[in-house]
Amino acid sequence: MEHHQNPQPQYQHALLTPLATPLQRDFFLPAPDRVARALLGKLIVRILDGEQLTGRIVETEAYFGLDDPAAHAYAGETARNRILFGPPGHAYVYFIYGMHYCLNASCEPSGHAGCVLIRALEPLSGLATMARLRRQPASRPHLLTSGPGKLCQALAITRADSNGSDLTDPNASLFFADDGFRPAQIAVTPRIGISKAADHPARFVIPHSKFLSRAL
DNA sequence: AGCGAGATTAGCT
DNA sequence: GCTAATCTCGCTG
């Protein structure tokens, strides 16, 4: 009946949500606060041993490169942060507090080091695997990806594995996609866990989501 | 529910 | 040497 109308997926890993399409390079071109806002509601797709782990972004933070005392790029390009100074739409993964990884999406053109920290997801598929990676029972989904360190653990994202990945590449094992979901509301708050420029409102959340790292 | 401490590594903002 | 875009546990109340 419908097999004639089913379009061939243009990418190797067909999305569980058939209408989703990968984000394009120019999605990541604007300033970090605009990209942080636009990323709310988008999907993160992670392929692990052939299994598709997906989550919807519900919390982000903008970091403003050389202009931002709280940003890793503030002091200029180093071996650690060089991805931030490259082309937009790439993963910047860093290691923090001796045990956690955090995932950022680089934005702005090459030479400009803005980025967006992904702080929380609503897990959509692969919850059992996420729970195993988190060493937690699968019965508490709101503990799986409700924080920047947690979501990296749940998706097995490390610096060695994912730093520098092209987040627009649907053949990669980590990329971002749009399934058409649009948040009804967006709230803005100061960023969490930083001491410098701590009062600057650059954290974006889907309000009342049960999967935020902290409530409003 | 809210606070404080410990875990543990890389980079020096 | 010290700090850091964190998380979990245990204590208090």
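Both backbone and side-chain heavy atoms feed into the values below; hydrogens, waters and symmetry mates do not. Lettering follows sequence order; numbering is per chain, from 1.
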Could you state the [atom1]-[atom2] distance from [X] to [N], rounded to the nearest angstrom?
X        : N      : atom1 : atom2 : result
A:His72  : B:dA10 : NE2   : C1'   : 11 Å
A:Arg140 : C:dC7  : CZ    : C1'   : 18 Å
A:Tyr101 : C:dC7  : OH    : P     : 15 Å
A:Glu77  : B:dC12 : CD    : P     : 12 Å
A:Leu84  : B:dG11 : CG    : P     : 13 Å
A:Arg214 : B:dG2  : CZ    : C1'   : 12 Å
A:Arg159 : C:dA4  : CZ    : C1'   : 15 Å
A:Arg135 : C:dC9  : CZ    : C1'   : 16 Å

Answer yes or no: is there an ion pair linking A:Asp68 with A:Lys196, defined by an N-O contact shorter than 4.0 Å?
no
Salt-bridge present (A:Glu61, A:Arg119; N to O < 4.0 Å)
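Salt bridge flag = yes for A:Arg119 with A:Glu61.
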Should [X] be listed as having a side-chain N or O under 4.0 Å from OP1 or OP2 of [N]?
X        : N     : value
A:Arg119 : C:dT6 : yes
A:Gln153 : C:dT6 : no
A:Arg134 : C:dT8 : yes

If the test is side-chain contact (heavy atoms from CB on, under 4.5 Å), which one of A:Leu53, A:Leu144, A:Ile44 qualifies with A:Leu121?
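So the option named by the test is A:Ile44.
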Mind checking [X] for me? I need base, sugar-phosphate or nothing, with any heavy atom below 4.0 Å counting as a touch.
X       : value
A:Ala79 : nothing
A:Arg80 : base
A:Thr78 : sugar-phosphate

Derivation and outcome, side chain to side chain donor-acceptor pair (under 3.5 Å), residues A:Thr54 and A:Ser125:
CA-CA 5 Å; A:Thr54 61; A:Ser125 69; 2.6 Å; yes
Could I get the full list of side-chain hydrogen bond (donor to acceptor under 3.5 Å, both in side chains) partners for A:Arg159, not counting sequence neighbours?
none
Let me know, please, whether A:Lys196 or A:Ser146 comes out on the 5' side of the other along DNA chain C by nearest nucleotide.
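On the 5' side of the pair lies A:Lys196.
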Measure centre to centre between the rings of A:His72 and A:Tyr94, then say whether the value is under 6.0 Å.
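Distance test on ring centres: under 6.0 Å, yes.
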When the aromatic ring centroids of A:His112 and A:Phe85 are compared, is their separation below 6.0 Å?
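Here the rings of A:Phe85 and A:His112 have centres that are no less than 6.0 Å from each other.
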What residue pairs, at least two apart or across chains, pass salt bridge (charged side-chain N to carboxylate O under 4.0 Å, His left out) with a residue in residues 25-35 of chain A?
A:Arg25-A:Asp166
Pairs in or reaching into residues 192-216 of chain A: which pass ring-ring contact (aromatic ring centres under 6.0 Å, His included), with residues at least two apart or in two chains?
A:Phe64-A:His200
Toss me the dot-bracket line for DNA chain B: Watson-Crick and G-U wobble, both under 3.5 Å, 5' to 3', using | for pairs to another strand and [ ] for crossers.
|||||||.||||.
If you check every side-chain atom of A:Ser195, which of B:dC12, C:dA4, C:dA5 has the closest atom?
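The answer is C:dA4, which lies nearest to the side chain.
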Cut-off 3.5 Å, no hydrogens considered: what does the side-chain donor-acceptor table look like for residues 95-102 of chain A, sequence neighbours left out?
none

Measure all distances between protein nitrogen or oxygen atoms and nitrogen or oxygen atoms of nucleotides 6-9 of chain B, and list the pairs falling under 3.5 Å.
from  : atom 1 : to      : atom 2 : distance (Å)
B:dT8 : O2     : A:Tyr97 : O      : 2.7
B:dT8 : O2     : A:Gly98 : N      : 3.4

